[in-house]
Structures are given as C-alpha cells and as structure tokens.
Amino acid sequence: MAQQLWRADSQHPQDAGRRMTTPHLSKSLLNNYRQCPRRLWLEMQDRAARKKGLAPVAQAVYSADTTKRFLDGHVIGRIAQACWSEGVDIEKASWITDEDTGQRQRDLNYATHLTYQWMQDQRRPLFEATFQHQNLLVMADVMVPRRHGHRVYWQMIEVKSSTTPKDYHITDLATQAWVAEQSGVDLDSVALLLVNKGFELHTAGDYTGLLGLHDDPDLQAQVRQAQQQMPTTLRGAAQTLALRQEPRKHQPGDQCTSPFECPYIGHCTEKTTGQTTGKTAKQTTPQPVPIRFYNDRGGAKAQTLIDAGHTDLRQVPPATIARLWNGSTDTHGVNQRLAQAVRTGRVVMDRAGAQAALQTLSWPVQHLDFETISFIAPVWPGTQSGQHIPFQYSLHRQAQSGQVLGHAEFLDTTGQDPRRALAEQLVKDIDPRCTVLAWNDSFERAVIRDLAEQFAELRKPLMRIHDQVQDLLPIVRRHYFHPNMAQAEGSTFSIKTVLPCMAAHLQYSQLGTVQNGGEAQLAYLLAAAPPGAEKEPGQTITPAERQQARKDLLAYCGLDTEAMVEIVKSLK
DNA sequence: TATGTCCCGGGATAACTATA
DNA sequence: TATAGTTATCCCGGGACATA
C-alpha cells in the first residue's frame with residue numbers, strides 16, 4: 001500500500017492559508033545557526049525589526065564577493081530549471097496579491113499547499129517544492145517523480161553553483177530531505193546538480209552539458225548520516241531563538257567566514273574590541289599585541305608561545321622567535337622581520353637587498369594589473385565556466401629613478417567579449433624591452449596565457465609578454481615589514497595592506513564604490529549590462545550609473561598600478 | 001648483533017597566500 | 001568561485017649514537 005503523502009499529524013494543506021502557523025525556521029536560518037548561534041539570533045532580531053519598520057539591531061552587510069556568488073547561484077538555478085521543460089515552478093505560483101494593500105507577496109503556506117497538489121499529480125517535476133514540518137520550512141530546488149512499478153517516488157535535487165561537492169551541500173540535502181520525509185514524501189534518492197568544471201560555451205545561450213547530476217550511493221549514505229543530527233540541531237536552534245539577550249559568548253572566529261561569510265562580522269567585531277580598535281590605539285594605551293605570524297598554518301607557532309605563557313608579541317625575546325623556526329630564521333625571514341617590526345614599532349627594511357633585487361629588472365619597468373570577470377554560466381562563446389576573462393588593465397611605466405614615464409589603460413564595457421580588443425591593445429602598449437611587474441604575478445600570467453591560447457595570431461607577442469612578467473610581491477616580502485602589517489585585517493602582503501604602510505597619501509578607502517576586485521566585478525556587470533537591464537526589479541540601470549561605474553573602475557585599477565609605483569619608490 | 005632514539009633530508013600533501 | 005605558487009607538516013628511510 002502506498003504510504004500516505006501527508007502524515008496524520010501534519011496539518012492538512014487544504015486549509016493551509018488559515019490554520020498553519022508561520023514556521024520560525026527555514027533551511028538557511030538553520031544553516032545560520034549551524035555556522036554560529038549568534039548569527040541566527042541576530043538575523044531573527046533583524047527580521048523582527050524590519051517587520052515593525054524599526055532600524056535593524058545589527059547592520060547585515062554582504063561583501064561584493066558574496067553578492068556575486070548569490071547572482072551566480074540565481075543564474076545556475078534558472079539554467080537548471082530549463083533542464084525540465086515540464087517543470088512546475090511552485091515559487092512563482094505562490095505569489096499572491098494582498099487584497100487590502102494591493103502588494104504582491106509570497107505566501108509560503110500556499111506554496112506548501114500547491115506542492116501537495118502537484119505531488120498528488122505525480123507526473124511533473126517541481127521547482128522550489130515547499131515542505132513544512134514542525135516549525136521548519138524548506139524549499140527543494142527540484143523534485144523529480146520516478147515510477148517504480150505502481151508506486152511513484154521522488155528524487156530531491158539540490159542545485160549548486162559549485163564544481164565540487166561541499167560538506168554544506170550534504171547538510172542542505174539532509175535538512176530538506178528530512179523535512180520532506182517527515183511530512184510524508186517518499187524519496188528514493190537525493191542528488192546534487194553541480195557545474196561541470198571546464199564547460200565551454202559553443203553557442204550563445206546553449207548550456208547543454210553545463211550541469212552534471214551527482215547521486216552516487218556515497219552521497220545517499222552521507223545525507224542519511226547527516227540527518228541524524230537534525231533533532232539536536234533543531235533543539236539548539238529553538239533554544240537560541242528563545243534567548244532574550246544576544247548570545248555574546250560566541251566570539252568572532254573562523255566560523256565568521258567559513259563555510260560562508262557572515263554579514264554580521266562588522267557587528268560582532270565592533271562589540272568585542274570596543275573603543276580601542278587597532279586603528280585608534282596609540283602609545284597612550286599599550287594594548288598587548290596579539291601573537292600572530294605570517295603563514296603560520298593554523299596558528300601552530302603562535303600557539304606554542306601562548307602555551308608558554310606569552311601574551312604580547314612585543315615581549316617575546318628575538319631568540320625565542322628564532323627558535324620557533326628550527327633555531328634559524330623562517331624561510332625568507334619574514335617572521336623575524338615581523339617580530340622585530342612589532343617589537344620596535346618601526347619599519348624593518350633591507351634597502352640594499354631590495355635594491356639589488358630591483359637592479360636585476362629591465363628598466364624602465366611596466367606595472368600591470370588586470371581586472372577580470374568570470375561567469376559560472378559563460379556568456380561568450382569560446383569561454384569556459386569560471387574562466388577569468390580580462391576586461392580592463394592599467395599600465396604604469398616607471399624609470400629606475402622612480403619617475404613615472406607614462407600611464408596606459410584599457411576598459412571594455414560594451415558587454416561583448418572584451419578579450420580580442422584587450423589583447424591587441426596590450427600588445428601595443430607593452431614595451432618588449434621592459435620588465436613587466438605584477439603583484440602576485442601568477443594571476444596576470446595565467447590571464448595572458450589564456451589570451452595567447454585563444455588568439456593564435458597574437459600568440460607570439462602575448463607569450464613574450466608572459467615571459468616578461470615578474471612579481472613585485474616577493475621583493476617586498478623578503479626585504480620589508482611594517483608593524484601595521486602584523487595586525488592587518490586582510491592578508492599581510494596584500495597590496496591593499498602594504499600600500500598604506502609605504503605610501504600613506506594613497507588610500508583605497510578614498511576610492512568610490514570600487515575598492516577591491518570583487519567590487520570591480522560587480523561594477524563591470526553594472527557598466528556592461530545589456531540595454532534596459534534592471535539593477536533591482538523595476539529599477540533600470542541609468543546611463544549615469546554606467547558612467548559612474550566606469551569611472552570607479554578606472555580609478556581603482558589605476559590605483560593598483562600606482563600603488564606598485566609607490567612601493568618601488570619607497571624600496572629605493 | 002639487535003634494538004631504540006634522535007635528527008636530518010627529501011618527497012608528497014594539505015593548507016595557506018595571493019589574485020580576480 | 002577558481003587558479004598558481006609557496007610553505008608547514010607529515011611520513012619515511014638512513015645515519016649516528018646509545019643501550020641491551
């Protein structure tokens with residue numbers, strides 16, 4: 001006998017709109033809890049405040065990187081749905097118009113009801129099928145009916161804009177399958193629909209082969225295993241929600257960025273460091289300098305010092321520091337310089353060594369920086385998913401004296417494949433006699449290699465440029481350390497960390513909306529969007545916005561190479 | 001002679017550093 | 001998300017030395 005679709009104790013969807021209480025938790029909220037209870041708590045406070053039209057308790061801010069990832073996810077979601085032409089989009093059908101206010105809004109109880117109805121039909125795949133159990137609501141990306149003899153089972157498919165399966169994919173599937181099964185759905189399997197690495201677009205708009213189904217037995221077992229945690233997780237989340245006070249005992253840590261960036265990082269770090277942040281603390285308040293090293297995997301070296309009772313990096317004797325790295329210096333002596341810089345509060349610089357390194361370059365040098373865009377679903381024929389496609393570069397020419405001899409730049413925001421024009425211009429702009437300097441050159445070299453592979457007739461000059469490229473970063477790393485770099489928020493040797501130490505008059509924070517690579521990608525998408533494109537529903541991108549995005553892009557990329565100019569100057 | 005301990009170097013690997 | 005490069009760490013074998 002076929003198992004009934006809905007359990008007796010679950011509320012009958014017939015009167016869903018009336019009797020069902022709105023669930024308190026969704027899959028993503030549960031994920032927030034898994035990542036950090038404090039995040040869940042803040043998110044719920046935020047929602048409650050928004051509902052009442054009040055100011056949020058904490059300001060949630062998503063970085064450009066995360067925003068871009070969300071965009072990618074939406075695109076992949078749409079492409080996935082196109083794989084099932086018969087599919088019914090529950091989400092789309094669940095928007096109703098409020099008779100009083102005339103506003104359109106989504107009715108999740110209605111979505112649950114629709115899901116129930118279509119599942120009884122047993123023939124068509126469902127998108128965003130909505131299930132509720134207890135106070136938890138989930139939406140499954142795709143549900144596919146599969147007939148075994150007389151019975152119909154369902155395969156639950158989770159679509160991810162990722163090329164490899166991740167742990168959190170398993171927990172996602174576990175949560176959704178658990179809720180669906182608790183509400184009586186017969187699942188025969190779960191699956192992930194992932195992006196096939198290396199997919200190349202041949203015909204514009206044809207994404208056949210972009211996505212691949214993963215439903216091996218190992219996945220089934222992992223999801224089953226993860227489901228066992230569900231009751232515990234739900235109980236924990238409920239306890240967190242019942243708290244009246246923010247659970248501050250959850251202090252910032254690795255969980256703030258892994259597996260996802262938390263939008264409340266700003267809120268939590270502000271609260272914990274209080275008024276004495278690193279920026280404002282001067283000699284007046286001798287706060288202990290936390291023990292941290294460069295490239296110290298998992299903080300192992302730092303931990304040995306902490307275990308030995310050290311609390312302030314400035315108080316650790318140099319010999320003790322040296323002993324950490326087998327009694328000598330670490331590979332390039334970076335951490336000896338780091339410790340010395342922190343101890344003395346002064347810059348450590350091996351000027352002679354830096355000069356010797358710079359001496360080996362072919363002057364004048366040209367500082368090169370690319371901005372690239374990548375699409376998980378490639379838009380231009382001949383490009384692959386995830387490929388970094390350059391749309392902009394900046395090139396500063398600098399004499400050995402330090403003097404700037406010229407600046408060239410390129411920016412294509414036509415929305416067409418920018419590679420050809422960029423490659424041709426680059427070949428014209430690069431002087432074959434000069435060293436080309438990049439910051440972390442592997443990236444620029446890979447981009448140039450790609451271009452050389454793409455355009456056979458430009459291969460020779462492009463590969464010549466490729467061979468001209470050298471890296472400025474290791475020269476700095478081996479000969480320079482500024483005390484501020486030891487406590488930098490970002491990477492120790494990121495150009496955005498190093499620049500303000502070497503040339504205080506140049507600041508990324510003075511730039512407009514584009515202050516890092518992720519923001520550059522978003523600005524590009526804005527500037528190069530097709531005519532009539534909308535930023536938000538109902539908000540067409542204006543020519544002024546496009547112009548501003550272009551301006552910000554030029555300023556940002558230009559500052560990256562100008563930074564390199566200044567860095568070379570201060571090494572001399 | 002057999003066995004155990006320590007250290008060192010080399011190779012593989014995982015994790016981290018950068019970039020967008 | 002991805003890639004390329006770097007580096008800490010693990011593991012292993014070999015050599016030196018001590019001990020049974």
Side-chain angles (χ1 to χ4, degrees), chain A residues 63-76 160-166 168-169 194-199 210 254 257-261 292-304 324-335 368-378 383-394 418 437-450 466 469-478 485 488 490-498 514-525 553 556-557 560-561 563-564:
Chain A
S63 75
D65 276 14
T66 305
T67 309
K68 173 76 169 33
R69 234 168 277 180
F70 286 161
L71 287 174
D72 281 343
H74 297 151
V75 170
I76 290 300
K160 299 290 180 188
S161 59
S162 162
T163 56
T164 51
K166 302 279 152 60
Y168 61 84
H169 298 164
L194 302 179
V195 174
N196 285 327
K197 202 172 171 162
F199 168 84
L210 173 69
D254 293 344
T257 49
S258 172
F260 307 106
E261 171 195 61
R292 251 173 57 184
F293 293 110
Y294 174 67
N295 206 12
D296 179 22
R297 303 303 153 80
K301 303 284 189 198
Q303 196 57 49
T304 60
L324 280 175
W325 281 270
N326 285 331
S328 64
T329 60
D330 51 330
T331 312
H332 298 300
V334 171
N335 280 308
L368 174 66
D369 181 54
F370 285 127
E371 303 306 321
T372 65
I373 185 77
S374 69
F375 300 97
I376 197 86
T383 61
Q384 299 188 349
S385 60
Q387 184 181 349
H388 291 133
I389 300 154
F391 60 85
Q392 178 180 17
Y393 67 76
S394 170
L437 282 178
W439 193 264
N440 198 27
D441 67 351
S442 65
F443 185 79
E444 268 68 23
R445 292 163 73 107
V447 167
I448 295 170
R449 249 196 329 271
D450 259 14
H466 174 269
V469 177
Q470 288 191 48
D471 203 338
L472 181 57
L473 184 151
I475 299 179
V476 173
R477 186 165 48 200
R478 295 177 83 131
M485 288 162 59
S491 317
T492 312
F493 285 98
S494 149
I495 195 160
K496 286 155 191 74
T497 302
V498 172
V514 180
Q515 299 188 4
N516 59 51
E519 288 167 359
Q521 294 180 44
L522 285 188
Y524 171 80
L525 291 177
L553 279 168
Y556 166 66
C557 191
D560 263 348
T561 50
M564 294 167 69

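Both backbone and side-chain heavy atoms feed into the values below; hydrogens, waters and symmetry mates do not. Here is the naming used below: chain letters follow the sequence lines, and residue numbers restart at 1 for every chain.
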- Query: Is any side-chain heavy atom of A:Val476 closer than 4.5 Å to a side-chain heavy atom of A:Val498?
  - Reply: yes
- Query: Just how far is it from atom OG of A:Ser162 to atom NE2 of A:His169, taken to the nearest 0.5 Å?
  - Reply: 4.5 Å
- Item | Axial bend angle, the helix from B:dT1-C:dA20 to B:dA20-C:dT1: five-pair end segments, nearest 10° | 30°
- Task: Measure from CD on A:Gln470 to C1' on C:dG5 and round the result to the nearest Å.
- Result: 15 Å
- Between A:Asp560 and A:Asp369, is there a donor-acceptor pair closer than 3.5 Å when you use the side chain of the first and the backbone of the second? no
- Message: I need the CG-P distance between A:Leu522 and C:dT1, as an integer number of Å.
- Response: 17 Å
- Close side-chain approach of A:Phe375 to A:Ser385, heavy-atom, < 4.5 Å: no
Sort me out a list of protein N/O and nucleotides 16-19 of chain B N/O pairs below 3.5 Å, or just none if empty.
unit_1, atom_1, unit_2, atom_2, d
B:dC16, OP1, A:Gly298, N, 3.4
B:dC16, O4', A:Arg297, NE, 3.3
B:dT17, O3', A:Tyr294, OH, 3.3
B:dA18, OP1, A:Thr492, N, 3.3
B:dA18, OP1, A:Phe493, N, 2.4
B:dA18, OP2, A:Ser491, OG, 2.7
B:dA18, N3, A:Asn440, ND2, 3.1
B:dT19, OP1, A:Trp439, NE1, 3.4
B:dT19, OP1, A:Ile495, N, 3.1
B:dT19, O4', A:Asn440, ND2, 3.3

- Query: Partners of A:Phe370 by ring pair (Phe, Tyr, Trp, His ring centres under 6.0 Å), sequence neighbours excluded?
  - Reply: none
- Task: Take the protein atom CD1 of A:Ile448 and the nucleotide atom P of C:dT3, then report the distance between them rounded to whole Å.
- Result: 18 Å
- Whole angstrom is fine here: how far is it from CG in A:Leu71 over to C1' in C:dT1? 13 Å
- Message: Tell me the interatomic distance from A:Asp471, atom CG, to C:dT3, atom P, rounded to whole angstroms.
- Response: 20 Å
- Query: Just to confirm, is there a sub-4.0 Å distance from OP1 or OP2 of C:dT7 to any side-chain nitrogen or oxygen of A:Lys301?
  - Reply: no
- Please report, rounded to the nearest Å, how far the P atom of C:dT9 is from the CD atom of A:Gln303. 13 Å
- Residues two or more places apart in sequence or in another chain: which of them pass salt bridge (charged side-chain N to carboxylate O under 4.0 Å, His left out) with A:Asp72? A:Lys68
- Message: Check whether A:Thr497 reaches the backbone of A:Ser491 with its side chain - one donor and one acceptor, N or O, closer than 3.5 Å.
- Response: yes
- Task: Name all residues meeting the ring pair (Phe, Tyr, Trp, His ring centres under 6.0 Å) criterion together with A:Phe391; count only those two or more places apart in sequence or in a different chain, and write none if there are none.
- Result: A:Tyr524
- Query: Contact class for A:Ser385 vs. all strands (heavy atom < 4.0 Å): base, sugar-phosphate, or nothing?
  - Reply: nothing
- Using the test ring pair (Phe, Tyr, Trp, His ring centres under 6.0 Å), find all partners of A:Phe493 that sit at least two apart in sequence or belong to another chain. A:Tyr294, A:Phe481
